[in-house]
Novice: 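Dropping a structure here in structure tokens format, bear with me for questions.
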Amino acid sequence: MNGFVNVVKELPQEISSKEPHRVDCSKRKGQFDYIESVLPSLLKYHYVSITPAVSQRRDRYPKYAKAALCQACYRALKLTESLEKKANKLLEAIPKPFLSLHLRFEPDMVAYSQCQYSGLSPTSMKALEAARGDDRKPWTGEAARIWRNRGKCPLTPNETAFILQALSIPTNTNIYLAAGDGLMEIEGLTSIYSNVVTKSALLSGEDFETMHGNTKAALDYYVSINSDSYMATYFGNMDKIVAAMRAFKGLYKTLFLSRRAFAEFTSKGLEGKPLMEALWKAHKDDFIKGRGSALSDCFCEFKL
């Protein structure tokens, strides 16, 4: 916020000696708005204490205010000192230059999608059935076809490798696999792209085994925002924040692989070279632009 508002570490004596006027900003107040609820008290008392709240009417903010909010949040986002040290150690161990690939094909992810897959190994099928339980049965028949064509089904490692080849990514590319535990069918990627490295291989076994899942995700995030390029097979919260942070830092070369395009082309019977050509055309503009669909309200390039 520096340059936009005056930030101080200590309040002036004439203010700190007084009790602040309290303003309730909790969401239960309904259509809460800072301009309507906080600003009048701030102008009157000059010293207010507010409860935490997220504005529900951010569309009313001028562009410079949106930019200030966005840029302050992204500048403030950091790992803890100990975790950043571990992340840097991991980053240094990865062969350079490298592509960070966020691949989502874990049993719980696939089960949640309710998609059908043929040709999975017995081990993958067993893990998938265990994750599905009774309430995540896959779609069948016409409903399954429509669901897949909407781009709802995660790309398999083999499908991911096929798209990378369609984009002319060399098979000797150094790839850091940003993925959760229990990734299924990984051989579909590593049989084509041989220089794939993982956290479990680069970190000491004992350290990795005792690491919490959120810690592993934080390491993937740190590596991904500092990689030479970033690709994702999904568009989840991590992918969005990585893309936006890369744009904020001026590190483009970011791309989300299209599940919908792959599903539509394969449903039409395309395969081999015709499928590769169609996939290249579908990704061409985003591939060249390299912005990764960073959120438009980030205003990363807006100068305060």
Side-chain angles (χ1 to χ4, degrees), residues 94-107 109-110 113 115-125 127-128 148-149 151-202 220 223-224 227-236 238-239 242-243 253-288 290 292-293:
I94 301 172
K96 313 294 190 301
F98 74 98
L99 158 70
S100 180
L101 176 64
H102 191 207
L103 181 57
R104 300 301 310 272
F105 204 68
E106 304 90 343
M109 174 68 179
V110 178
S113 73
C115 293
Q116 286 187 329
Y117 291 89
S118 60
L120 298 184
S121 69
T123 302
S124 296
M125 286 302 301
L128 184 53
R148 179 171 289 277
N149 283 354
K152 300 295 185 179
C153 298
L155 293 168
T156 69
N158 183 263
E159 292 168 345
T160 301
F162 189 90
I163 298 178
L164 294 183
Q165 287 179 291
L167 298 175
S168 298
I169 305 298
T171 56
N172 64 348
T173 299
N174 295 317
I175 297 178
Y176 171 77
L177 195 59
D181 295 333
L183 192 65
M184 301 187 298
E185 306 292 307
I186 188 59
E187 297 80 9
L189 173 70
T190 56
S191 62
I192 299 173
Y193 287 87
S194 56
N195 295 336
V196 176
V197 295
T198 62
K199 295 184 293 296
S200 59
L202 296 174
D220 285 340
V223 169
S224 295
S227 61
D228 296 284
S229 53
Y230 176 77
M231 289 189 183
T233 63
Y234 198 65
F235 193 53
M238 174 172 161
D239 307 297
V242 167
K253 292 187 178 180
T254 305
L255 180 70
F256 296 106
L257 305 186
S258 176
R259 293 166 291 162
R260 173 174 288 185
F262 188 87
E264 288 181 351
F265 296 147
T266 52
S267 68
K268 294 176 181 177
L270 292 182
E271 57 184 25
K273 187 175 181 180
L275 177 57
M276 280 192 172
E277 291 175 350
L279 288 169
W280 162 245
K281 291 179 181 178
H283 290 88
K284 181 179 178 181
D285 290 342
D286 287 341
F287 185 79
I288 294 174
S293 303

Novice: So which heavy atom on Ala166 is nearest to which on Met276, and how close?
Specialist: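 Nearest pair, atom of Ala166 first, then Met276: CB-O, 3.6 Å.
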
Novice: Name the residue from Val197, Thr190, Leu183 that meets the side chain to side chain contact (heavy atoms under 4.5 Å, CB included) definition with Leu177.
Specialist: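 Checked Val197, Thr190, Leu183 against Leu177; only one passes side chain to side chain contact (heavy atoms under 4.5 Å, CB included): Leu183.
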
Novice: Which pair of heavy atoms, one from Phe287 and one from Leu167, lies closest together, and at what distance?
Specialist: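 The pair with the smallest heavy-atom distance is CZ-O, 4.1 Å.
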
Novice: Less than 4.5 Å apart, side chain to side chain, heavy atoms only: is that true for Phe105 and Val110?
Specialist: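 They are in contact (side-chain heavy atoms under 4.5 Å apart), so the answer is yes.
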
Novice: side-chain contact (heavy atoms from CB on, under 4.5 Å) between Met238 and Ser224: does it pass, once the steps are laid out?
Specialist: CA-CA 10 Å; Met238 174 172 161; Ser224 295; 4.0 Å; yes

Novice: With rounding to the nearest 0.5 angstrom, report the CG to CG distance, Leu189 to Leu155.
Specialist: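 It is 11.5 Å, given to the nearest 0.5 Å.
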
Novice: Look only at the side chain of Glu106 and the backbone of Asp181, and say whether a donor-acceptor pair between them is shorter than 3.5 Å.
Specialist: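 Absent.
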
Novice: For Thr233 and Arg104, indicate whether the former's side chain and the latter's backbone hold a donor-acceptor pair under 3.5 Å.
Specialist: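 Judged by distance alone, yes, a pair lies under 3.5 Å.
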
Novice: What's the shortest heavy-atom distance between Ala278 and Phe265, and which atoms?
Specialist: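 The pair with the smallest heavy-atom distance is O-CE1, 3.4 Å.
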
Novice: Counting distance only, does the side-chain N/O of Asn195 pair as donor-acceptor with the main-chain N or O of Asn172 below 3.5 Å?
Specialist: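 The answer is yes, because a donor-acceptor pair under 3.5 Å joins these two groups.
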
Novice: Strictly by side-chain hydrogen bond (donor to acceptor under 3.5 Å, both in side chains), give each pair with a member in residues 259-283 just once, sequence neighbours left out.
Specialist: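 Not a single pair qualifies under side-chain hydrogen bond (donor to acceptor under 3.5 Å, both in side chains).
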
Novice: Which pair of heavy atoms, one from Ala261 and one from Leu279, lies closest together, and at what distance?
Specialist: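 Closest approach of Ala261 to Leu279: C-CD2, 4.4 Å.
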
Novice: Is the shortest distance from a Lys or Arg side-chain nitrogen in Lys199 or Asp220 to a carboxylate oxygen in the other one below 4.0 Å?
Specialist: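 Judged by the 4.0 Å cut-off on N to carboxylate O distance, Lys199 and Asp220 do form a salt bridge.
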
Novice: Could you tell me which non-hydrogen atom of Arg148 sits nearest to which non-hydrogen atom of Cys115, and how far apart they are?
Specialist: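 So the two residues come closest at NH2-CB, 4.2 Å.
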
Novice: Would you say Thr198 and Ser200 are linked by a side-chain donor-acceptor pair, where the criterion is simply a distance under 3.5 Å?
Specialist: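 Yes, because at least one side-chain N or O of Ser200 sits under 3.5 Å from a partner of the opposite role on Thr198.
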
Novice: Does the side chain of Gln165 pick up a donor-acceptor pair with the side chain of Thr171 at under 3.5 Å?
Specialist: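 No, because no side-chain N or O of Gln165 sits under 3.5 Å from a partner of the opposite role on Thr171.
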
Novice: Under 3.5 Å, side chain of Asp228 to main-chain N/O of Phe98, donor-acceptor pair present?
Specialist: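 Yes; at least one donor-acceptor contact below 3.5 Å.
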
Novice: Can you see which heavy atom on Leu128 is nearest to which on Pro107, and at what distance?
Specialist: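 Of all heavy-atom pairs spanning Leu128 and Pro107, the closest is CD1-O, 3.6 Å.
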
Novice: For the side chain of Tyr193 and the backbone of Ile169, is there at least one donor-acceptor N/O pair under 3.5 Å apart?
Specialist: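 The answer is yes, because a donor-acceptor pair under 3.5 Å joins these two groups.
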
